[in-house]
**Q** 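Before we start, here is the structure in question, set down as structure tokens.
The residues of the chain are indexed from 1 along the displayed sequence.
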Amino acid sequence: MPVRNRVAFGGVPEQCSFTKDGQRCVRPRSCKELCATHYTQRKTHTTRKAAGRWEDTAVPYDGTPACPAPACPLPGLYGRGLCRHHAQRFREHRHIHPDADVAPWAAQQPPYLVPHQFSLLPLPEPLRWEVLYGLQQVDPWLRIFEPPQVRRMVRDLAGTSTLIGDITDQQMCPRSTVAVLRILGRVRTAVRAGHAKHTGTAPAHDDVLDLRALGQRSRTPAGIRQSKTVDLRTIRQPWLRGLLRTWTIQ
């Protein structure tokens, strides 16, 4: 049985052992101390019982090609220059669309992600920047950040152009889970607050203040699950109401 060179994601694989004229191949090992390309060349040469040695026609590689999928961290060492992950997905895609071209397909694919990662590339602009801003703002509200929920939120936001609007979170992502809707609500709260501040209608000017939008931080591992508000309309004296509003936002 061939000896596989398994390396955990993020680890540094050993270098291919093929060396010629003092130059060693820089690609990562895949099987029997060779990179995927050199192992395939040797296997093909042996299977076909070709004359001479396979090393005579092989050359060491001085670089590792990148997968054409945007921001994909895996090397493009497999079919059509794709990484192993996207090569498998493209084969599945070709079963449904046999005439599909790899270049436009790869340009629309998200990068390979492990469980603790997420990508905003599938989102169109300006939605991508809205979500990024919202996530940056809600981070202090959370004690536990869940990347898998963000990945699901990105998936469920397909077809959405902006988070600014009057529709509810449920209408925006009708198939989302409770956990995804919770983080979507937090992100939309932050984006609305930023948008209001940009347009000169910041929530600090209102009589009902959303404390999350004003910088409230979580003190529990569960984070801020429900919006905390302060209703200044209960104070009848206008001067005292204005004083308390100033004190609250500072």
**Q** One pair to check against side-chain contact (heavy atoms from CB on, under 4.5 Å): V187 and Y133. What are the steps and the verdict?
**A** CA-CA 8 Å; V187 169; Y133 172 81; over 6 Å; no
**Q** A side-chain contact here means heavy atoms from C-beta on lying under 4.5 Å apart; do L157 and L184 qualify?
**A** yes
**Q** Is it true that the side chains of R152 and T177 contain a donor and an acceptor less than 3.5 Å apart?
**A** no
**Q** Is there a side-chain contact (heavy atoms from CB on, under 4.5 Å) between L74 and R84 once you walk through the steps?
**A** CA-CA 8 Å; L74 302 183; R84 188 172 187 176; 5.6 Å; no
**Q** For residues L181 and C173, report the shortest heavy-atom separation together with the two atoms involved.
**A**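 Answer, listing the atom of L181 first, then C173: CD2-O, 3.8 Å.
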**Q** Could you go step by step and tell me if D62 and Q23 meet the side-chain contact (heavy atoms from CB on, under 4.5 Å) rule?
**A** CA-CA 9 Å; D62 57 4; Q23 181 180 355; 3.7 Å; yes
**Q** Do you know which two heavy atoms are closest between P110 and P122, and how far apart they sit?
**A**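 Shortest heavy-atom contact: CB-CG, 4.0 Å.
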**Q** Can you tell me how far apart CG (L113) and SG (C72) are? Round to the nearest 0.5 Å.
**A** 8.5 Å
**Q** Is any side-chain heavy atom of C35 closer than 4.5 Å to a side-chain heavy atom of R29?
**A** no
**Q** With rounding to the nearest 0.5 angstrom, report the CD to CG distance, E130 to L163.
**A** 4.5 Å
**Q** Would you say the side-chain atoms of R27 pair up with the backbone N or O of G63, donor to acceptor, closer than 3.5 Å?
**A** yes
**Q** Any sub-3.5 Å donor-acceptor pair from R24's side-chain atoms to C16's backbone N or O?
**A**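 The answer is yes, because a donor-acceptor pair under 3.5 Å joins these two groups.
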**Q** On a heavy-atom basis, which atom in I164 and which in V191 lie closest, and how many Å separate them?
**A** CD1-CG1, 3.5 Å
**Q** Are I167 and L127 connected in a single hydrophobic cluster, I mean Ile/Leu/Val/Met/Phe/Trp/Tyr linked by side-chain heavy atoms less than 4.5 Å apart?
**A** yes
**Q** Does R151 count as lying over the ring of F118, i.e. NZ or CZ under 6.0 Å from the six-ring centre, within 45 degrees of the axis?
**A** no
**Q** Indicate yes or no for a side-chain donor-acceptor contact from Q109 to the backbone of A69 under 3.5 Å, with no hydrogens or angles considered.
**A**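 No: the side chain of Q109 does not pair with the backbone of A69.
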**Q** Look at the aromatic rings of F18 and H38 and report parallel, tilted or perpendicular, splitting at 30° and 60°.
**A** tilted
**Q** Between atom CH2 of W105 and atom CZ of R80, what is the distance when rounded to the nearest 0.5 Å?
**A**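 Rounded to the nearest 0.5 Å, the CH2-CZ separation comes to 10.5 Å.
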**Q** Quick check: closest heavy atoms across T37 and Y61, and the distance to 0.1 Å?
**A**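 Answer, listing the atom of T37 first, then Y61: CG2-OH, 3.2 Å.
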**Q** Can you tell me how far apart NE2 (H45) and CD (E55) are? Round to the nearest 0.5 Å.
**A**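 Nearest 0.5 Å value for the NE2-CD distance: 8.0 Å.
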**Q** Should V26 and L34 be counted in the same cluster of Ile, Leu, Val, Met, Phe, Trp and Tyr side chains packed under 4.5 Å apart?
**A**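 No.
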**Q** R128 and E125: salt bridge (charged side-chain N to carboxylate O under 4.0 Å, His left out), yes or no, with the steps?
**A** CA-CA 5 Å; R128 183 188 311 164; E125 296 184 358; 3.7 Å; yes
**Q** Using every non-hydrogen atom in the two residues, find where A190 and Q137 come nearest and quote the distance to one decimal.
**A**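 Residues A190 and Q137, closest heavy atoms: CB-CB, 3.6 Å.
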**Q** Please check this pair: side chain of H93 against backbone of P98, looking for a donor-acceptor N/O pair closer than 3.5 Å.
**A**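 Here the side-chain-to-backbone pair does not exist.
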**Q** If only atom types and distance count, is the side chain of S119 paired as donor or acceptor with the main-chain N or O of L121 below 3.5 Å?
**A** yes
**Q** Decide yes or no on side-chain contact (heavy atoms from CB on, under 4.5 Å) for T46 and W54, but give the supporting numbers first.
**A** CA-CA 8 Å; T46 303; W54 72 274; 5.8 Å; no
**Q** Measuring from R48:CZ to K43:NZ, what's the distance to the nearest 0.5 Å?
**A** 12.5 Å
**Q** Show the nearest heavy-atom pair for residues Q15 and C25, with the distance to one decimal.
**A** NE2-O, 2.9 Å
**Q** Flag the pair W129 / L123 as yes when at least one side-chain heavy-atom distance between them is below 4.5 Å, and no otherwise.
**A**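 No, every pair of side-chain atoms sits at 4.5 Å or beyond.
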**Q** Would you give the length of the straight line joining atom CG of L82 to atom SG of C67, rounded to the nearest 0.5 angstrom?
**A**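 SG of C67 is found 5.5 Å from CG of L82.
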**Q** Can you find a pair of side-chain heavy atoms, one from Y39 and one from S30, that are under 4.5 Å apart?
**A**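 When only atoms from C-beta onward are counted, S30 and Y39 do not touch, as no gap falls below 4.5 Å.
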**Q** Is any NZ, NE, NH1 or NH2 atom of the basic residue among D156 and R175 found under 4.0 Å from an Asp or Glu carboxylate oxygen of the other?
**A** no
**Q** Please confirm whether the backbone N or O of Q171 pairs with a side-chain atom of T168, one donor and one acceptor, at under 3.5 Å?
**A**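 Pair found, side chain donor or acceptor close to backbone of Q171.
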